[in-house]
Protein chains: 2
Amino acid sequence: MNYLNENGSGSVNDLVDITNSSTATVRRDLTHLESKGFLKRFHGGATVDQMEQEEDYSEKSVKNLSKKLKIAQKAAELIEDGDTIFIDAGTTTYEMMPFIKASNITVVTNSITLIDQLVRNGHNTHVLGGKVKPSTKAVVGHDVIEKLKTLSFDKCFVGVNAIDIHHGYTTPDEDEAYIKRTAVEQARRAFVLADSSKFERSAFVKFAGVEEAVIITENENHPFLEKIDDRTTIIGGGVSDLYSDI
Amino acid sequence: MNYLNENGSGSVNDLVDITNSSTATVRRDLTHLESKGFLKRFHGGATVDQMEQEEDYSEKSVKNLSKKLKIAQKAAELIEDGDTIFIDAGTTTYEMMPFIKASNITVVTNSITLIDQLVRNGHNTHVLGGKVKPSTKAVVGHDVIEKLKTLSFDKCFVGVNAIDIHHGYTTPDEDEAYIKRTAVEQARRAFVLADSSKFERSAFVKFAGVEEAVIITENENHPFLEKIDDRTTIIGGGVSDLYSDI
DNA sequence: TTATATATGATTGACTTTGATTGAATTGGG
DNA sequence: CCCAATTCAATCAAAGTCAATCATATATAA
């Protein structure tokens, strides 16, 4: 990581020389570090994301243990080659970026922040038009909804503020709730990214009922999930296993 | 890509020499990069479709930067309190940002790059929706045009690649030309930002005739301006004086 | 100490990238 | 309008790179 941070990238052979270890070990470590989001592999070597290049390794280690990244990674793994997806504006959805492995995907978003990352990673990116909300740099407004209604997605990924059996998925901002609602409606399969602190709470505006989307969370054993688990709405630890049943 | 971004374009043979690889590999890579939207191929080489031709790297000194800044500053000073304006994607228009002093303005743009600055400076910002072009992070496509047609602006500011009496304002990219054309049509007053190196040249697609917009440039004594000066189309040194006559 | 888990490095066959060659397509000068 | 030169995409074999497997070595825990 020191070498990569200094040079931006390096070949497998470079790293073999530097670390006095075998190609097998280097490859294994690269695979592992990539899964944690520290670097991005390419055929023959690996790079670090230039934007985060400065960031301290240990600092990110701590960050990486966070629930948010786990959830983001699980979400990103659900994206398949050729998918057309909607990604909502939000901090958790933002963390999905480095984990998206699928190719040939089309991504629609209302988040200005996400676009940089999407474009840099070579994804076909579309932005919804409208007023830019200064606080979150999310695009909101009537036009967003109107445009969304003309689109359909294989999957959609939205953040959420609170989940409750009776109130469903809720969020405090009305504009953003409408967008989430419409996105969920237009997607064949909707995913809500939520860490367990969001469970059994509710916010101002409901955008969908609990059964209308799959919850992606970090702790599949949370008591709240038992109440709503009808075998199809939770993705916990083993992502692919559970998802294959859906 | 580094080479193309610095030089605007390059032949396959140039790229073979630079990368120490075969023509087959260069061609393959060009095909791939074009499919991702990072460049545009032509017979014998490729270009990055920049909004405005980047000048020679050696020449791109303080002097030329200040040209751009002078133009940007003049343009920014034309914006008045309460205006609703369109700002085109482009490097010169980007430089306007720090000079915008007016308050209570509404800015519409198709440039993802501009949004950050606009929002940070507290302007009411709207983005046009559509496909994001990777090379320039400009939003393009049919939706952009359709939406533009429903709006009207007090003023619009667009970049240009070349200006010529017969061909008017021209730019190499067709998609972006349509956007500029529509923006100019929808504005009560249109301004084209162009340093004098753009004069008496022409690019592929015309988006307006010389008389349809006011040229903002750094050198009001350039011979080309005499040919087209009908007392209303040039803003040179004393910005406010000339503009007050319009 | 033993047993249990984890990390390493060599080997393998599969996959990817590369560059030379070919014949087709494009270009510009006569 | 044709011809020669150049550029092109397609093909193929060689080189390079990959993940998976296995046996060995090292660390950790009881």
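A note on names: the letters A, B, ... follow the listed sequences, proteins ahead of strands, and every chain is numbered from 1.
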request  = Determine, stepwise, if the pair B/Phe86 / B/Leu128 fulfils side chain to side chain contact (heavy atoms under 4.5 Å, CB included).
outcome  = CA-CA 10 Å; B/Phe86 175 83; B/Leu128 298 169; 3.7 Å; yes

Quick check: do [X] and [Y] have side-chain heavy atoms less than 4.5 Å from each other?
X        : Y        : result
A/Leu193 : A/Met96  : yes
B/Asp173 : B/Thr136 : no
A/Leu30  : A/Leu15  : yes

message = With a cut-off of less than 4.0 Å, is there a side-chain N or O of A/Asn13 near OP1 or OP2 of D/dG16?
response = no

Using whole Å, report how far [atom1] of [X] lies from [atom2] of [N].
X       : N     : atom1 : atom2 : answer
B/His43 : D/dT7 : NE2   : C1'   : 4 Å
B/Leu15 : D/dT7 : CG    : P     : 13 Å
B/Leu30 : D/dT7 : CG    : P     : 13 Å
B/Arg41 : D/dT7 : CZ    : C1'   : 10 Å

query = Can you name the closest pair of heavy atoms from B/Ser196 and B/Thr217 and give their distance?
reply = N-OG1, 3.7 Å

ask   = Any idea how B/Phe207 and B/Tyr169 line up, ring-wise: parallel (<30°), tilted (30 to 60°), or perpendicular (>60°)?
value = parallel

ask   = Side chain of B/Asp195, backbone of B/Glu218: donor and acceptor closer than 3.5 Å?
value = no

message = Base, sugar-phosphate or nothing for B/Ser21? Non-hydrogen atoms, less than 4.0 Å.
response = sugar-phosphate

message = Between B/Arg181 and B/Glu212, does any side-chain N to carboxylate O distance fall below 4.0 Å?
response = no

ask   = Do NZ/NE/NH1/NH2 and the carboxylate oxygens of B/Lys131 and B/Asp143 come within less than 4.0 Å?
value = no

Residue whose nearest DNA chain D nucleotide is more 5′ - B/Thr31 or A/Thr31 = B/Thr31

ask   = Starting at the 5' end of DNA chain C, which residue's closest nucleotide do you reach first, A/Thr23 or A/Asp29?
value = A/Asp29

message = Taking any atom closer than 4.0 angstrom to a non-hydrogen atom of chain A, what span of DNA chain C does the protein reach, first nucleotide to last?
response = C/dT8 to C/dT17

remark   = In short, the helix from C/dT1-D/dA30 to C/dG30-D/dC1 is bent end to end, axes from five pairs each side, to 10°, by 40°

